There are 2 protein chains.
Amino acid sequence: MRGRPTSLDIAYLAGVSQPTVSRALRGSPMVSEETRKRILAIAEQLNYKVDKNASGLRRQYAGTLALLLFEDPTADESHINPFFLPMLGSITRTCARHDRDLLVSFQQLSDDWHAEYGDSHKADGLILLGYGDYLAYEGKLAKLVERGTPFVRWGAVMPEQPGVSIGCDNFGGGRLAGAHLAALGYRRIAFLGDASEHYPEFLDRFAGCDAALREAGGEGLDRALQVDAESAEHCGYAAAVALLERGLPFEAVFAASDLIAIGAMQAFRERGLRIPGDVAVVGFDDIPAARIASPTLTTVVQDTIRAGELLVDALVRLIAREPVESVRMPASLVVRESTGGAPAPPVHGTGGQ
Amino acid sequence: MRGRPTSLDIAYLAGVSQPTVSRALRGSPMVSEETRKRILAIAEQLNYKVDKNASGLRRQYAGTLALLLFEDPTADESHINPFFLPMLGSITRTCARHDRDLLVSFQQLSDDWHAEYGDSHKADGLILLGYGDYLAYEGKLAKLVERGTPFVRWGAVMPEQPGVSIGCDNFGGGRLAGAHLAALGYRRIAFLGDASEHYPEFLDRFAGCDAALREAGGEGLDRALQVDAESAEHCGYAAAVALLERGLPFEAVFAASDLIAIGAMQAFRERGLRIPGDVAVVGFDDIPAARIASPTLTTVVQDTIRAGELLVDALVRLIAREPVESVRMPASLVVRESTGGAPAPPVHGTGGQ
DNA sequence: CTGAAAGCGCTTACAG
DNA sequence: CTGAAAGCGCTTACAG
């Protein structure tokens with residue numbers, strides 16, 4: 001027995017045929033209890049593991065899911081959006097629960113990832129994460145559908161969309177933000193984020209906030225107070241600067257993401273504006289930095305842990321050719337100092353909650 | 001031609017034998033230029049990808065590296081140490097450059113990961129990341145070495161250590177922190193972190209700081225001002241509280257990691273202590289939050305991007321049975337507001353640098 | 001430069 | 001309940 005043991009080695013030691021070993025190991029009911037036990041004991045002792053390549057080849061199946069994370073082209077190469085970190089953790093754990101391995105890869109939206117995976121049996125299906133220009137991306141989704149590659153993506157849930165999406169209720173989240181600001185008496189609210197069909201998530205957040213302001217009897221969001229920004233601190237910083245340069249009055253800012261909000265707060269602070277005294281700020285995502293920023297950031301929370309579970313569960317079902325629906329998850333609001341709605345926490349508030 | 005095309009389909013269309021297709025695709029020199037071109041064109045057109053299972057089975061090789069990230073048992077389930085995020089990005093990119101896939105898995109230190117991978121041909125080698133009790137872990141490393149499983153780990157580089165490690169010069173980093181504090185006139189410095197052989201990285205940071213203080217003519221670090229803490233915000237918070245309760249005077253804190261530092265700063269702030277006025281703080285890691293915290297945190301920088309490259313390069317060489325040495329990477333210090341050594345940055349300082 | 005043959009280690013009908 | 005046989009799709013000596 002040279003090197004790694006094979007099922008044949010075990011068969012020899014157990015005095016049975018090799019297929020019987022295979023059956024016993026996979027828990028087939030067509031093996032006697034006694035034989036199974038003997039085989040399992042030997043396998044354990046030899047530290048035998050089924051060869052994934054052989055098994056995958058025979059079963060035409062990889063037992064692996066691929067997670068493709070798209071990097072914002074604007075982000076410097078070391079900075080993945082921290083929003084995805086807990087989701088990544090949740091995805092890996094859910095994969096383990098389903099007995100799948102997880103291949104992780106960072107991609108540019110422009111790459112040929114839609115061909116690279118799936119076609120090579122590297123992975124049985126794809127999980128697509130990341131912000132980016134949706135229109136540049138929709139075509140590739142359609143191509144995946146056409147080829148029958150199972151995939152799920154995190155992002156805006158829209159009608160007529162190729163494939164299955166899991167996303168948060170961005171409109172609802174935006175509405176929570178808008179209602180909160182309206183209740184505090186804010187009327188002229190700026191929006192930092194690319195609110196166009198290129199970024200449907202941001203657009204929905206914009207629309208939700210707009211709706212809440214109107215419901216509160218106001219005018220809604222003013223496009224003159226909207227500045228494009230992708231989800232990165234330096235974009236938020238630049239957007240805030242651009243907003244100030246327009247010279248229009250505003251009392252609060254709703255940032256399309258926490259990274260944008262944090263960059264904007266930095267710009268405001270450097271220009272001597274007090275937060276929330278001169279300008280209130282609301283973000284979106286509740287990344288860890290939202291609690292560390294000064295002032296701490298009021299923001300819309302998405303349940304990233306649950307999201308990771310839903311993504312993997314949906315993909316596993318898709319691979320099994322079961323029907324799967326897109327899911328829009330509820331969002332909630334957490335009020336912190338940046339909108340003046342909460343006093344400084346009396347007890348330790350950074351590690352928990 | 002049903003479903004996915006195989007090399008046989010291409011052979012048929014190209015009018016050659018199947019092995020010739022295989023040779024052409026892998027760039028063997030034993031194929032005429034003309035034949036190769038014809039084959040490549042057909043493969044391209046059919047969107048052919050080599051089946052990884054078949055190829056891996058035949059070559060006894062996975063083309064895959066496994067990244068095992070150990071979670072701090074104390075961290076809540078969604079919080080991976082953000083320090084590892086840029087490293088993860090760098091690792092995935094370096095893997096792509098080496099034409100390897102990356103399997104990612106989160107493990108408890110107690111799990112049987114040392115058997116799970118490698119033995120099953122899931123991966124050709126392991127990358128081990130994560131903080132945790134080193135002594136609980138050393139035995140498993142020795143077992144990996146014994147089995148001949150190629151692996152590299154991120155962590156303290158020590159003599160007589162099983163396997164290959166890539167780590168930063170923790171002693172040197174601690175010395176930079178100590179020298180900085182000494183130069184500012186601080187003498188009584190507390191250390192927050194588990195400075196024992198269970199956490200050799202923290203111990204080295206402690207020892208480096210101690211050495212610098214002595215070199216500056218002081219007494220070194222006082223164990224009475226050292227409080228155990230693992231790398232998490234709530235641990236740093238608790239450690240700072242415990243430190244204050246001891247009632248001993250101290251002027252500055254060297255935290256074994258940024259997460260500890262940020263938790264500690266929170267505790268100090270809540271008790272009305274000014275930073276750096278009443279207590280200066282230095283961290284270690286330079287996670288993104290270090291720049292967002294208020295005050296911004298002076299800290300020791302590790303080059304995580306380079307670290308990711310070194311880890312993958314080393315593992316690839318190990319797999320090829322080439323000799324590989326452990327590497328200790330230099331650390332540097334970035335001075336920010338928490339030690340009062342730097343004025344508030346005049347320009348935008350959050351996104352770049 | 002190319003082809004016929006063997007085999008990587010499994011899983012799964014097919015017999016018994 | 002168990003075994004003999006075939007085959008998943010490649011790669012690689014071995015001939016020519």
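By convention in this document, chain letters (A, B, ...) are assigned in the order of the sequence lines, proteins followed by strands, and residues within each chain are numbered from 1. Not measured: the values here are computed from a predicted model.
- For B:S22, counting side-chain heavy atoms from C-beta on, the closest listed nucleotide (D:dT12, D:dT2, C:dG3) is D:dT12.
- A heavy-atom distance below 4.5 Å is found between the side chains of B:T6 and B:D9.
- If you check the side chains of B:T94 and B:E309, you find no donor sitting under 3.5 Å from an acceptor.
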Check against ring pair (Phe, Tyr, Trp, His ring centres under 6.0 Å), A:F106 and A:F70: CA-CA 6 Å; A:F106 293 74; A:F70 298 101; over 10 Å; no
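- When only modelled atom types and interatomic distance are considered, B:Q18 and B:R23 share no side-chain donor-acceptor pair under 3.5 Å.
- A straight line from CG of A:L57 to C1' of D:dG7 spans 9 Å, rounded to a whole angstrom.
- For the side chain to side chain contact (heavy atoms under 4.5 Å, CB included) test with B:L67, the passing option among B:V104, B:L311, B:L103, B:V312 is B:V104; the others fail.
- Taking only distance into account, the side chain of A:R23 meets the base of D:dG3 through a donor-acceptor pair shorter than 3.5 Å.
- Taken residue by residue, residues 59-66 of chain B places heavy atoms nearer than 4.0 Å to DNA chain D at B:R59.
- By the 4.5 Å heavy-atom criterion applied to side chains, B:R100 and B:D124 are counted as neighbours.
- Taking a pair as Watson-Crick or G-U wobble with both distances under 3.5 Å, DNA chain D forms stems of 3 or more consecutive pairs at C:1-3 with D:14-16, C:5-12 with D:5-12, C:14-16 with D:1-3.
- Proximity note for B:T20 (side chain, C-beta onward) versus C:dT12, C:dG3, C:dC8: the nearest is C:dG3.
- In this model, the phosphate group of D:dG3 is approached by a side-chain N or O of A:S17 to a distance below 4.0 Å at OP1 or OP2.
- In terms of polar N and O atoms assigned as donor or acceptor, the side chain of A:R58 never comes within less than 3.5 Å of the base of D:dG9 in a complementary pairing.
- Ion pairing of B:E33 with B:R36 is present here, as a side-chain N (NZ or NE/NH1/NH2) and a carboxylate O approach within less than 4.0 Å.
- Considering only side-chain N and O atoms, A:R26 lies under 4.0 angstrom from the phosphate OP1 or OP2 of C:dT11.
- One can place CD of A:Q18 at 11 Å from P of D:dA4, the figure rounded to the nearest angstrom.
- The shortest distance between the side-chain N/O atoms of A:T35 and the OP1/OP2 oxygens of D:dT2 is below 4.0 Å.
- The environment of A:E322 atom CD is dense: over 12 non-hydrogen atoms of other residues, nucleotides or ligands sit within 6.0 angstrom.
- Across every non-hydrogen atom of A:P162 and A:F151, the tightest pair is O-CZ, 3.9 Å.
- For A:T6, no side-chain nitrogen or oxygen approaches OP1 or OP2 of C:dC8 to under 4.0 Å.
- To the nearest angstrom, C1' of D:dG9 lies 17 Å from NZ of A:K122.
- Here the P atom of nucleotide D:dC8 and the NZ atom of B:K49 are 22 Å apart, to the nearest Å.
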